[in-house]
Amino acid sequence: MKKLQPFKKLSKQFYTRNLLTVVRELPGKILVKKYGKTFLAGKIVEVEAYDGMIDKAAHTFTGKTKRNEIMFNDGGYFYVYFTYGAHFCCNIVTGKKDHGTAVLIRAVEPLAGIKKMSLNRYNKITLTEKEKLNLTSGPGKVCEAFGITKEHYGLDLTGDKIFLLDRPKLKKSEIVVTKRIGIKKSVDLPWRFYIKDNPYVSRK
DNA sequence: ATCAAGATTACCT
DNA sequence: GGTAATCTTGATA
């Protein structure tokens, strides 16, 4: 009989390891945002790594600015940015202080608070099948569904507003590795990781 | 002060 | 498949 693992918050030590170690372990973990007395939650199904030291696509590649300064902290902080005049995207800062590394959360599978997510995305509760799959299948969609905005910039992920829950490690065969999406620089780095056959992954 | 780009999305054919 | 929308940020002057 397999022991049921309790849902435990990921610790500071999880995040302060190297970017590429953390990014491989993030698929399958659970993103949680406190919402009043309840919670919004989703299983992380797609992520990308960004490393300012060697990666021209990273916001930290050209040094510290007001926007990216949280990425130069040690791991365990939330980096939120605004783009294309419309969308927020959220990231998990990793590594040691001054590394400038983070993981973009590209897609999650909704687990709890789905009604609230539906309201945030579509301003209604009853969704078509297509709309359900479109709820959190992209970085901007995740933030809209969870109500994540610049006010969440810099949050400590060991706190209780936004955090991740641990889950058993996935097998290597369950994770697909590809080049990243939607960037024009350093396009060949194989730093996108997603859960095989999961319908909420943004693109095959 | 001005300007171009952008870790996207929704909607179109 | 392609592209308009939309505005913050960072770079350049």
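So you know, we letter chains A, B, ... as the sequences are listed, proteins then strands, and number each from 1.
- Using a 4.0 Å heavy-atom cutoff across all strands shown, A:Ile183 reaches sugar-phosphate atoms only and no base atom.
- With respect to the salt-bridge test (charged N to carboxylate O, under 4.0 angstrom), the residues A:Arg203 and A:Glu46 do not qualify.
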*Nucleotide by nucleotide, 5' to 3', does protein get under 4.0 Å of the base (B), only the sugar-phosphate (S), or neither (-) in nucleotides 4-13 of chain C, counting heavy atoms?*
--BBSSSS--
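- Between A:Arg121 and A:Glu131, none of the side-chain N atoms (NZ, or NE/NH1/NH2) sits under 4.0 Å from a carboxylate O, so this pair counts as no salt bridge.
- Under the 3.5 Å distance criterion, with hydrogens and angles disregarded, no donor-acceptor pair is assigned to the side chains of A:Ser137 and A:Ser202.
- A:Arg106 comes within 4.0 angstrom of sugar-phosphate atoms only, judged by non-hydrogen atoms across all strands, and of no base.
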*Output, in order, the C-alpha distance, side-chain angles, deciding distance and verdict of salt bridge (Lys or Arg N to Asp or Glu O under 4.0 Å) for A:Asp55 and A:Arg180.*
CA-CA 12 Å; A:Asp55 168 14; A:Arg180 296 173 296 177; 2.7 Å; yes
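- Relative ring orientation between A:Phe82 and A:Phe88 is described as tilted, the plane-to-plane angle lying within the 30° to 60° band.
- Taking the charged nitrogens against the carboxylate oxygens, A:Lys12 and A:Asp74 do have a contact shorter than 4.0 Å, which makes a salt bridge.
- Using modelled atom types, one finds no donor on one side chain facing an acceptor on the other under 3.5 Å when comparing A:Glu151 with A:Tyr153.
- Contacts between chain A and DNA chain B, taken as any atom within less than 4.0 angstrom of a protein heavy atom, begin and end at B:dG6 to B:dA10.
- Pair check for C:dG1 finds B:dC12; Watson-Crick or G-U wobble, both atom distances under 3.5 Å.
- With DNA chain B read from its 5' end, the first of the two nearest nucleotides for A:Arg121 and A:Asn91 is the one closest to A:Asn91.
- Judged purely by distance below 3.5 Å, without hydrogens or angles, the side chains of A:Asn134 and A:Lys141 pair a donor atom with an acceptor atom.
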